[in-house]
Amino acid sequence: MKIKNLKTKIKNLKRQFEQETADRQALNIKYLGKKGLFNQLAKEIKTVPAADRKQAGKLLNQLKQELTAQLRQKQTKTQSSWIDLTIPGKKPKVGHLHPISQAMTEITQIFTEIGFTRVRYPEVDWDWYAFESLNMPPDHPARDEWETFFVDLPDTTKDIAYDPAKPRKRHPDQAGGQLVLTPHTSNGQVREMERLNSQPPIRMINIARCYRRQQDATHTQMFHQFEGLVVDQGINIQHLKGTLDYFAHQFYGPGCQSRLRPFHFRFTEPSFEVDFSCHLCQGTGQIKKGKKSTKCRFCKSGWHEVGGAGMVHPNVLQAGGIDPDKYTGFAFGWGIERTYTLRKGLNIDDIRLLYSADLRFLQQF
Ligand code: FA5
């Protein structure tokens with residue numbers, strides 16, 4: 001055999017070996033075993049001309065070394081693909097709903113159980129729904145309290161004369177004034193009356209994002225409110241108080257009390273601020289330690305304010321096409337962040353943490 005032919009055979013044997021997928025032991029026998037392919041080829045050295053035999057010997061030695069080295073690699077590959085079924089499994093990381101989404105689901109459930117319908121209305125809405133239909137005429141100072149973001153589009157109703165003697169109605173030719181980022185969920189009140197063709201009974205729970213130009217430990221520029229609205233014949237403050245107590249017991253536990261404090265909103269009359277009793281001191285404002293008692297550091301007064309409420313103002317009913325002589329209603333609107341962070345065991349003193357996107361914080365809930 002010419003040395004050239006031997007080189008070709010060596011090359012072919014290497015290629016064949018590279019393409020093998022069998023396990024290491026089988027390959028060892030097939031290629032490097034006593035009667036293996038390498039030895040078969042090595043025997044052919046006798047047929048190589050004497051002058052080339054030294055070179056042939058070198059080439060065959062090289063081949064053997066290469067096959068042995070590659071065999072070792074194949075062994076490593078096979079070993080790394082073994083699966084050890086006795087090793088304990090790795091628990092995959094499972095995410096969960098954001099705490100505010102969890103609270104929204106729970107609040108929805110609490111109110112739907114007593115016949116409320118969950119709705120959502122636009123978060124970018126006309127001035128008409130956010131203010132004017134709620135008894136806050138243009139330029140009324142009460143609007144300032146809502147620190148509103150305005151959308152930079154021309155106000156199409158600016159030139160329409162406003163007559164305080166007439167009940168307010170949306171001007172039929174106009175969309176509804178300037179667009180705003182809704183500063184509260186009360187924009188849903190007249191929208192809900194319109195959705196039901198001004199036909200009570202109405203039992204609405206409107207949960208949505210709100211926006212205000214505010215930022216500190218208890219205020220964020222984007223936050224959530226839930227707004228309740230009930231309109232029917234004979235609705236009075238007792239129904240409002242009963243609903244607040246029901247919510248307090250369901251959300252905070254049976255020991256929680258609600259309290260109404262006189263307040264002023266343009267869209268309710270009478271109006272109240274709603275407080276819930278503090279779970280740490282049970283509404284006393286004092287924490288007892290043995291014979292001594294100290295001021296509760298969580299609430300300072302025994303109560304936490306959560307939002308506003310009141311009996312729907314007749315002008316608002318009229319704006320929604322409902323006869324205020326026939327129907328009455330109550331409404332309430334609270335911040336979800338505030339309501340949620342007052343819960344027992346959650347020691348959150350800065351609501352901005354909820355939107356910090358810090359997983360170490362969020363994974364606790
Ligand atoms: C209102 O927004 C009224 N629309 C509530 C209402 C509805 C009264 C229906 C009567 C009838 P107020 O501006 O007080 O009211 O806000 C209510 C609650 O929203 C506050 O008590 C607070 O819990 C929450 N809130 C207000 N602004 C922020 C903010 N920037 N960040 C977080 N929560 C806020």
Side-chain angles (χ1 to χ4, degrees), residues 97-112 116-127 129-131 133-136 142-149 180-193 195 202-230 240 243-244 246-248 250-252 258 260 263-268 271-276 304-310 312-313 316 329-343 348 351-352 354-355:
L97 286 178
H98 188 276
I100 293 303
S101 302
Q102 292 178 34
M104 277 158 60
T105 310
E106 205 177 320
I107 290 165
T108 305
Q109 214 171 345
I110 289 173
F111 283 105
T112 48
F116 282 65
T117 302
R118 162 86 199 268
V119 294
R120 282 191 80 168
Y121 287 114
E123 289 169 11
V124 182
D125 208 351
W126 303 109
D127 177 289
Y129 290 109
F131 290 118
S133 69
L134 298 174
N135 202 28
M136 280 186 268
R143 289 175 172 226
D144 296 349
E145 287 157 29
W146 274 267
E147 302 203 39
T148 310
F149 287 106
V180 299
L181 300 190
T182 47
H184 54 175
T185 41
S186 300
N187 69 314
Q189 291 193 16
V190 168
R191 280 193 173 274
E192 180 70 352
M193 295 176 200
R195 182 180 77 85
I202 294 174
R203 282 192 207 94
M204 163 195 98
I205 190 82
N206 174 28
I207 306 183
R209 288 185 204 103
C210 303
Y211 305 86
R212 292 187 197 181
R213 290 182 290 111
Q214 297 169 336
Q215 179 93 287
D216 58 35
T218 53
H219 296 88
T220 44
Q221 293 179 338
M222 187 287 297
F223 61 101
H224 297 78
Q225 279 189 348
F226 61 106
E227 180 101 2
L229 174 71
V230 171
L240 168 63
T243 308
L244 301 181
Y246 162 77
F247 175 76
Q250 297 294 313
F251 197 76
Y252 293 116
S258 74
L260 298 177
F263 197 68
H264 175 74
F265 291 107
R266 288 281 301 179
F267 36 92
T268 45
S271 302
F272 309 100
E273 276 199 319
V274 181
D275 297 339
F276 287 135
H304 296 284
E305 183 237 308
V306 289
V312 183
H313 196 287
V316 178
F330 68 76
F332 56 82
W334 304 328
I336 297 192
E337 288 76 3
R338 175 121 185 96
T339 306
Y340 177 70
T341 50
L342 293 178
R343 247 184 163 173
I348 303 173
I351 64 167
R352 289 172 295 189
L354 289 163
Y355 300 114

J.: Side chains of L260 and V274: closer than 4.5 Å at any heavy-atom pair?
T.: yes

J.: Taking the cut-offs as 6.0 angstrom to the six-membered ring centre and 45 degrees off its axis, would you call R343 and F251 a cation-pi pair?
T.: yes

J.: Taking side chain to side chain contact (heavy atoms under 4.5 Å, CB included) as the definition, give me every residue that meets it alongside R203, ordered by chain and number, with sequence neighbours left out.
T.: F116, V230

J.: How many angstroms lie between atom CG of N187 and atom CD of E192, to the nearest 0.5 angstrom?
T.: 11.5 Å

J.: Walk me through it: do H184 and F267 pass the test ring pair (Phe, Tyr, Trp, His ring centres under 6.0 Å)?
T.: CA-CA 12 Å; H184 54 175; F267 36 92; 5.7 Å; yes

J.: Would you check, one step at a time, whether the test side chain to side chain contact (heavy atoms under 4.5 Å, CB included) holds for R143 with V180?
T.: CA-CA 12 Å; R143 289 175 172 226; V180 299; over 6 Å; no

J.: If you measure only the distance, is there a donor-acceptor pair under 3.5 Å linking the side chains of Y340 and Q102?
T.: no

J.: With T182, which residues qualify under side-chain hydrogen bond (donor to acceptor under 3.5 Å, both in side chains), at least two apart?
T.: none

J.: Identify, with sequence neighbours excluded, every residue that meets side-chain hydrogen bond (donor to acceptor under 3.5 Å, both in side chains) alongside Y355.
T.: H224, E337

J.: Does the side chain to side chain contact (heavy atoms under 4.5 Å, CB included) test come out yes or no for N206 and L229, once each step is laid out?
T.: CA-CA 8 Å; N206 174 28; L229 174 71; over 6 Å; no

J.: Just how far is it from atom CD of Q221 to atom OH of Y211, taken to the nearest 0.5 Å?
T.: 11.5 Å

J.: After noting the C-alpha distance and the side-chain angles of L134 and Q189, does the key distance pass the side chain to side chain contact (heavy atoms under 4.5 Å, CB included) rule?
T.: CA-CA 8 Å; L134 298 174; Q189 291 193 16; 4.0 Å; yes

J.: How are the rings of F265 and W146 set relative to one another: parallel (under 30°), tilted (30 to 60°) or perpendicular (over 60°)?
T.: tilted

J.: Quick one, T185 and Y121 - any side-chain contact, counting heavy atoms below 4.5 Å?
T.: no

J.: Check whether any side-chain heavy atom of E305 lies under 4.5 Å from a side-chain heavy atom of D275, and answer yes or no.
T.: yes

J.: Parallel, tilted or perpendicular for F111 and Y246, by the 30°/60° rule?
T.: perpendicular

J.: Could you walk me through whether W334 and L244 pass side chain to side chain contact (heavy atoms under 4.5 Å, CB included), step by step?
T.: CA-CA 11 Å; W334 304 328; L244 301 181; 3.2 Å; yes

J.: Are any of the side-chain heavy atoms of M204 and E227 separated by less than 4.5 Å?
T.: yes

J.: Can you tell if the side chain of Q250 reaches within under 4.5 Å of the side chain of Q109, non-hydrogen atoms only?
T.: no

J.: Is any side-chain heavy atom of L354 closer than 4.5 Å to a side-chain heavy atom of T220?
T.: no

